[in-house]
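Here the structure is laid out as structure tokens; the discussion comes afterwards.
Treat the numbers as computed from the prediction; the structure is a model and nothing was measured.
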Amino acid sequence: MIEKIEEFLPQYTIDAETSVARVVLRVVDLTRQIAFYEQVVGLTVLNKTEDYAYLGAKDDTKVLLELRKTAKKLQPAKSTGLFHIAFLVPSREAFATKFFEILRNKNTVDSPLEQANRFPHFERIIPIAKLDSASDHGYSEAFYLSDVEGNGIEIYADRPKEEWDQYPAGSNPLNIKELVELAQFDTDGKLPQGTTVGHVHLRIDDIEKTLAFYNQALGFESQLILNDAFFISAGGYHHHIAGNTWSGSNVAHPLDIHSGLQEVQFKLPTKDAYEKMKDHVKQWTPLQELESKFVVIDPSGNRLAFLKGIQ
């Protein structure tokens, strides 16, 4: 792993068309997690077995989330891993529709541990109880949930890039008056075709080392760097990856028996872009080369896979 930037090593910028392809999670209770992502988040099961489930948007074949029943216990509360997976919906109308659907959804969230420990005074848990916050970030509007095993979820819509500097940055209140006029209230709650994984937000244990890895080894470009968080991307996007140390420094790295992040997968747009990146990365850090992807581990123990483009 990178301790410092070596001046003699070549500089590299990741291809501007790189995107997040899917997130893979280890889960303890596959059945309850599938139910949550279907009934609350609004994903659709594309395929499943006794041990795996593949989920995506309605009327779409692209897998956005893969759940693997390989965990034996929940991840430590203070650890590296996934802070949230962010589902990018294709329009502000879709965002407004899903936001108000969460507020109105009366499906029971089947989560016995939360029922006993967090909501013992409730007859049952409904989706609004899983809503953590909602914000206008200027470049996007977003709301946040957590699944039944504690993984964070963001659902958001981007504003057009030319409008990003026309709105205040930070975390500001949503304009509910505007959104309610855009929402469709006759909805099945499903995330629509065209939904993607827009970004991932990771829990890390060292800002300097982890940011250097993403900048120098992987070629992501910094968009915002704070004392306890960073936001980086390909092609000038507001962020494809964020990292924070809000759990503290030198926190635990989850083991394979723990629930949580197994892998974030990124898609390179072409074979040439893939080969160029792989050739650069191997000069900086060990990688595992597989048939159609290579895998690296960041300094905080998060596993990242880069997939070969088809062109």
Side-chain angles (χ1 to χ4, degrees), residues 1-6 9-24 80-88 135 137-140 142 144 152-154 156 158-159 161 164-165 169-171 196-247 249 251 261 263-269 273-274 276-278 280-285 287 293-307 309:
M1 298 302 177
I2 297 171
E3 297 293 339
K4 61 181 179 179
I5 298 173
E6 299 289 352
L9 286 175
Q11 298 301 302
Y12 166 79
T13 300
I14 196 168
D15 192 284
E17 299 301 315
T18 302
S19 59
V20 186
R22 77 172 70 170
V23 171
V24 183
T80 61
L82 183 70
F83 185 69
H84 65 238
I85 176 176
F87 296 105
L88 172 61
S135 293
H137 296 300
Y139 50 73
S140 70
Y144 301 86
I153 300 158
E154 176 182 348
Y156 76 109
D158 280 332
R159 287 193 170 95
K161 190 172 183 178
W164 288 0
D165 61 356
S171 295
T196 63
V197 180
H199 66 268
V200 291
H201 193 145
L202 303 175
R203 295 184 290 179
I204 62 173
D205 60 7
D206 187 293
I207 288 285
E208 184 177 355
K209 289 181 181 179
T210 306
L211 180 60
F213 176 85
Y214 282 99
N215 287 160
Q216 300 299 320
L218 303 184
F220 285 97
E221 299 175 293
S222 296
Q223 302 300 325
L224 177 65
I225 302 173
L226 306 172
N227 289 334
D228 55 1
F230 63 72
F231 299 81
I232 59 177
S233 72
Y237 190 55
H238 51 74
H239 63 296
H240 288 109
I241 305 170
N244 75 68
T245 55
W246 299 334
S247 292
S249 59
V251 294
L261 183 65
E263 180 176 279
V264 182
Q265 297 182 0
F266 299 86
K267 180 72 174 293
L268 276 298
Y274 174 86
K276 182 179 179 180
M277 183 179 187
K278 183 182 68 175
H280 172 80
V281 171
K282 67 174 57 173
Q283 299 179 68
W284 285 87
T285 189
L287 62 81
K293 66 181 181 180
F294 68 85
V295 177
V296 296
I297 308 297
D298 79 9
S300 295
N302 297 308
R303 178 182 167 100
L304 314 167
F306 293 86
L307 311 183

>> Has Arg159 got a side-chain atom pairing as donor or acceptor with Gly138's backbone, closer than 3.5 angstrom?
In response: yes
>> To check you understand the geometry: which heavy-atom pair defines the closest contact between Asp15 and Thr18, and what is its length?
In response: O-OG1, 2.8 Å
> Quick one: CG on Asn227 to CG on Asn244, what's the gap to the nearest 0.5 Å?
Replying inline: 13.0 Å
> Got His137 and Ser171 here, is their nearest side-chain heavy-atom distance under 4.5 Å?
Replying inline: yes
>> If the test is ring pair (Phe, Tyr, Trp, His ring centres under 6.0 Å), which one of Phe266, Tyr237, Tyr156 qualifies with His199?
In response: Tyr156
>> Looking at Lys278, I'd like to know if its NZ atom is crowded, meaning that more than 12 non-hydrogen atoms belonging to other residues, nucleotides or ligands lie closer than 6.0 Å.
In response: yes
> Does the side chain to side chain contact (heavy atoms under 4.5 Å, CB included) test come out yes or no for Val200 and Leu261, once each step is laid out?
Replying inline: CA-CA 11 Å; Val200 291; Leu261 183 65; over 6 Å; no
> Less than 6.0 Å separating the ring centroids of Tyr12 and Trp284?
Replying inline: no
> Is any side-chain heavy atom of Val197 closer than 4.5 Å to a side-chain heavy atom of Phe87?
Replying inline: yes
>> So, using side-chain contact (heavy atoms from CB on, under 4.5 Å) as the criterion, who are the partners of Ile207 when residues are at least two apart?
In response: Ile204, Phe230, Thr245
>> Testing the basics here: between Leu307 and Ala21, what is the closest heavy-atom pair and its distance to 0.1 Å?
In response: CD1-CB, 4.1 Å
> Between His201 and Phe231, how do the two ring planes meet: parallel, tilted or perpendicular, split at 30° and 60°?
Replying inline: perpendicular
> Rounded to the nearest 0.5 Å, how far does CD1 of Ile297 lie from CG of Leu287?
Replying inline: 10.5 Å
> So which heavy atom on Pro299 is nearest to which on Asp205, and how close?
Replying inline: O-OD1, 4.0 Å
> Does one side chain, of Asn302 or Thr80, offer a donor that lies under 3.5 Å from an acceptor on the other?
Replying inline: no
> Is the closest side-chain heavy-atom distance between Ile232 and Leu218 below 4.5 Å?
Replying inline: no
>> Looking at every heavy atom in both Gly198 and Val20, which two are closest together, and how far apart are they?
In response: O-CG2, 4.1 Å
> With sequence neighbours left out, what residues match Trp164 under ring-ring contact (aromatic ring centres under 6.0 Å, His included)?
Replying inline: His238
> Does some side-chain heavy atom of Phe213 sit less than 4.5 Å from a side-chain heavy atom of Val296?
Replying inline: yes
> Atom CD in Glu208, atom CD1 in Ile225: separation rounded to 0.5 Å?
Replying inline: 10.5 Å
> If we only count heavy atoms from C-beta on, is the His240 to Tyr214 side-chain gap below 4.5 Å?
Replying inline: no
> Where is the tightest heavy-atom contact between Ala217 and Val281, given as atom of each residue plus distance?
Replying inline: O-CG2, 3.2 Å
>> Please give me the minimum heavy-atom distance between Ser233 and His239, naming the atom from each residue.
In response: CB-CA, 3.8 Å
>> For a 4.5 angstrom cut-off between non-hydrogen side-chain atoms, does Asp298 reach Lys209?
In response: no
> Are Val264 and Leu304 side-chain neighbours, meaning at least one heavy-atom pair lies under 4.5 Å?
Replying inline: yes
>> Whether the His84 and Glu154 side chains hold a donor-acceptor pair (N or O, under 3.5 Å, no angle test) is what I'd like checked.
In response: yes
> If you draw a 6.0 Å radius around CG in Asp165, do more than 12 non-hydrogen atoms from other residues or ligands fall strictly inside?
Replying inline: yes
